[in-house]
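I have placed the structure first, in the form of structure tokens, so that the comments after it can refer back to it.
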2 protein chains.
Amino acid sequence: MSNTSIYTEKLRESGLRPTRQRLKICEVLFSPEKTFHFTINDLTKMIEDKMSEKISLATVYNTIHAFKKKGYLKEISINSDKSYFDTNVTEHHHFFDEDTNELIDCSNDDIDSVNIKKNITGKKIKSVEVLIKVASDNQNQN
Amino acid sequence: MSNTSIYTEKLRESGLRPTRQRLKICEVLFSPEKTFHFTINDLTKMIEDKMSEKISLATVYNTIHAFKKKGYLKEISINSDKSYFDTNVTEHHHFFDEDTNELIDCSNDDIDSVNIKKNITGKKIKSVEVLIKVASDNQNQN
DNA sequence: CAATAGTTTAGAATTGTTTTAATGTAAATG
DNA sequence: CATTTACATTAAAACAATTCTAAACTATTG
Ligand SMILES: [Mn+2]
Ligand SMILES: [Mn+2]
Ligand SMILES: [Zn+2]
Ligand SMILES: [Zn+2]
């Protein structure tokens, strides 16, 4: 059950020492078999509720940013209210459920690969991601 | 040059009376031949600089939200710092230039239409939009 | 002309995020 | 091991975008 050495390695790679608080963050982020999406608030709640570890917001932000910079996390922008992060760091597409505000990975089998015919001159394509907004059938979509 | 009746109509359709301030907003948004992308800050500056009309931020926000709700404007989320709005309300794709932070419409000729093979059960697809992040060739992309 | 409904505004409040500065802890040095 | 130095945690302050409030203003209606 203890992946501590893996977490320690990830922290070191991100330029951070493996402290108690940071290892708790790693446990929440990297121990589930499935990848998931979260907000900073979600994550802080998980650490304080499930792990009964008091943690400062500043520490959460610092650690998440270091992981993002290193590529262990991705940031997804859906709306301007708050930032969503993704433990699935591969290039992939998303469904966004407007009823529940839920972000769901779109398997590569569910979508044909996107073909860009013309790019901006002098620029290199860094990523191509599709966002599919969905809602229940009978719903006004403002 | 005066499209005032068109603006008045748009405002009425959005549930707003055509006041001086709101007509200035319309002039900036809907008189250019080309559609464009803007932030609330951009828009406020344009109104105060180019139109020499003092306007309250609250009025700008209110009016923009009413237009968005009615479908006369679209909101585009690129990052969580601030909201971008788009006077092009058709479903379309974007290039985002990470060097300049510029948002550029992707013509439908430049991209093959995206084919979703499997959708979330019980949900209807409201929009499918592609975001292509680009940057100059020699550039670190954290 | 009232009375009423809607509008503008400055500023306050709120929210998500970042920064600060003090205190705490671990690693390195000798 | 004692000391020094580097890094970490934290609460609270600062900040920036956005929303809300409440008072003054304007237009519309009866
Ligand atoms: Mn929003
Ligand atoms: Mn913000
Ligand atoms: Zn994802
Ligand atoms: Zn656009």
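In what follows, chains carry the letters A, B, and so on, assigned in the order in which the sequence lines appear, proteins first and then strands, with residues in each chain numbered from 1. Since the structure is predicted, the reported quantities are computational estimates derived from the model, not experimental observations.
When rounded to the nearest whole Å, the span between CG of B:Asp42 and C1' of D:dA17 equals 13 Å. Rounding to whole angstrom units, CG of residue A:Asp81 and C1' of C:dT14 are separated by 13 Å. Nucleotide C:dG16 holds its C1' atom 17 Å from the CD1 atom of A:Ile78, rounded to whole Å. A straight line from CG of A:Leu23 to P of D:dA8 spans 12 Å, rounded to a whole angstrom. When the P atom of D:dA8 is taken as reference, atom CD1 of A:Ile64 falls 15 Å away, rounded to whole Å. Atom pair A:Ile47:CD1 and D:dT10:C1' shows a separation of 15 Å (rounding to whole Å applied). Summarising the geometry, the separation between CD1 on B:Ile40 and P on D:dA16 is reported as 18 Å, rounded to the nearest angstrom. The OH-C1' distance, from B:Tyr84 to D:dT18, rounds to 16 Å in whole Å.
The side chain of B:His65 contributes an N or O atom lying less than 4.0 Å from OP1 or OP2 of D:dT19. For C:dT17, the OP1/OP2 oxygens have a side-chain nitrogen or oxygen of A:Tyr61 closer than 4.0 Å. Distances shorter than 4.0 Å separate none of the side-chain N or O atoms of A:Thr39 from OP1 or OP2 on C:dG16.
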Q. Which parts of nucleotides 7-12 of chain C does protein reach within less than 4.0 Å, heavy atoms only, written one letter per nucleotide 5' to 3' as B for base, S for sugar-phosphate only and - for none?
A. SSBB--
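Judged purely by distance below 3.5 Å, without hydrogens or angles, the side chains of A:Asn88 and A:Thr90 pair a donor atom with an acceptor atom. The closest side-chain donor-acceptor pair between B:Asp110 and B:His93, if any, does not fall under 3.5 angstrom. For the residue pair A:Thr39 and A:Asp42, a side-chain donor N or O sits within less than 3.5 Å of a side-chain acceptor on the partner.
Residue A:Leu131 holds its CG atom at 4.5 Å from CD1 of A:Ile78, rounded to the nearest 0.5 Å.
If B:Phe85 and B:Arg12 are placed on DNA chain D by their nearest nucleotide, the residue sitting closer to the 5' end is B:Phe85.
Between B:Thr63 and B:Arg22, the shortest heavy-atom distance links the atoms OG1-CG, 3.8 Å.
Partners of B:Thr100 according to the side-chain contact (heavy atoms from CB on, under 4.5 Å) rule, which considers only residues two or more places apart in sequence or in another chain, are B:Asp97, B:Glu102.
Between the side chain of B:Ser56 and the main chain of B:Ala58, a donor-acceptor pair closer than 3.5 Å is present.
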